[in-house]
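As the structure lists them, so they are numbered: ligands from 1, and atoms in each ligand from 1.
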Amino acid sequence: TIREVLLSVDGVEATYNHAIRALSGVNLTVRTGEIVALLGANGAGKTTALKALCGLLAAERGQITAGRIRYDGEDIAQRSPAELVRAGLVQVLEGRHCFRSLSVEDNLIVGGQARGWSRAALRRELERVYTLFPRLRDRRGSLAGLTSGGEQQMTAIGRALMARPRLLVLDEPSMGLAPLVVESIFAALTALNRDEGLTLLVAEQNSTVALRHAHRAAVLENGRTVLDGAADALRDRDDIKAFYLGVG
Ligand code: ATP
């Protein structure tokens, strides 16, 4: 079956402060129902690429200087993050951003505000997140800032899910977390993809974990896409991993 292209990034270049060139040719395609991994060493441009496609570069004095980004058939380079969230393109930023002084549940409720859920719908969406991450149900009354790193990452993902994304974009969900916690987070993401068909784009420095769960992967080096292909073709290529991703 040929799946519909949900996101396409073509030849995107970007700078910060009109000076520092961070991206110099990013190409990426995400089809509906896929899990796509965006790989690359520290500083390769993963975060900048994800920010570019979610409308978040301007906030950091960044600008797209060439190329095209299309989501659901439309050019989105000029859209605001809020518009993109309403259109179903939702990002979980690097570093598990939660509101530390709000409870876990209030963090989730904030995530639902983009959709203006009714009270009943809000209940239903909360239940959905608590079913996916039972830990969050236990911790729902705790201040997010006092929960563990893994729980904060789950809260950040849960908050994004409350907006009912069509494309969920995650920046380094494994960062700073113990291997077992990383596994449980990826297991939840894979379950969402399998059971609900949620489309995922995941930037990861941890290529081993990402390639185990992704269908396809793109590799960035110095701000450009240097490889793009089936994840299982890259999985066993230790030479590629050592060369581009700094693991061996
Ligand atoms: P990381 O794993 O550290 O997030 P990355 O692959 O996501 O790495 P980016 O953070 O996108 O890489 O960085 C790409 C390049 O852009 C780097 O050279 C970095 O120094 C530069 N850069 C990133 N953010 C900014 C910023 N806000 N202002 C200026 N330069 C930046």
Side-chain angles (χ1 to χ4, degrees), residues 7-30 35-69 71 76-77 80-81 84 89-98 149-150 152-153 156-157 160 167-179 181-182 185-186 189 200-214 216-229 231 234 240-248:
L7 176 79
S8 68
V9 178
D10 285 308
V12 165
E13 304 184 5
T15 55
Y16 287 102
N17 293 310
H18 299 283
I20 306 162
R21 173 165 298 267
L23 302 180
S24 51
V26 175
N27 299 301
L28 186 68
T29 302
V30 181
I35 303 177
V36 175
L38 183 62
L39 307 176
N42 194 4
K46 304 180 297 297
T47 297
T48 303
L50 296 192
K51 285 188 173 162
L53 63 89
C54 293
L56 295 166
L57 266 194
E60 297 191 38
R61 302 183 49 78
Q63 43 282 133
I64 297 171
T65 54
R68 213 172 55 153
I69 304 176
Y71 168 74
I76 58 165
S80 73
L84 292 171
L89 204 176
V90 182
Q91 177 157 182
V92 180
L93 296 171
E94 187 170 29
R96 33 182 194 271
H97 285 262
C98 310
Q152 289 183 31
Q153 185 62 272
I157 295 170
L167 172 58
L168 181 62
V169 176
L170 301 113
D171 195 357
E172 302 239 14
S174 79
M175 195 169 64
L177 302 179
V181 178
V182 172
I185 284 171
F186 270 87
L189 294 173
L200 297 164
L201 173 60
V202 186
E204 262 301 340
Q205 250 182 93
N206 186 339
S207 60
T208 305
V209 170
L211 287 172
R212 196 144 23 83
H213 293 88
R216 288 191 312 105
V219 179
L220 293 189
E221 186 192 35
N222 289 329
R224 68 176 76 231
T225 305
V226 289
L227 276 173
D228 181 359
L234 287 172
I240 289 178
K241 288 194 211 164
F243 191 74
Y244 293 114
L245 309 172
V247 294

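Paired with L57 under the rule side chain to side chain contact (heavy atoms under 4.5 Å, CB included), one option of T15, L50, I64, L23 passes, and it is I64.
Around ligand 1 you find Y16, I20, A22, A41, N42, G43, A44, G45, K46, T47, T48, E60, E94, E172, Q205, each with a heavy-atom distance below 4.0 Å.
Note that CZ of R21 is 13.0 Å distant from OH of Y16, once rounded to the nearest 0.5 Å.
The closest side-chain heavy-atom distance from P173 to V92 is not below 4.5 Å.
Counting only residues at least two apart or on different chains, the salt bridge (Lys or Arg N to Asp or Glu O under 4.0 Å) pairs with a member in residues 53-63 are K51-E60.
Residues satisfying the side chain to side chain contact (heavy atoms under 4.5 Å, CB included) criterion with E94, sequence neighbours excluded, are T47, D171, E172, M175.
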Can I get a per-line list of side-chain donor-acceptor pairs under 3.5 Å for residues 219-227, giving both atom names and the distance, sequence neighbours left out?
unit_1 : atom_1 : unit_2 : atom_2 : d
T225   : OG1    : N27    : N      : 2.8
T225   : OG1    : N27    : O      : 2.9

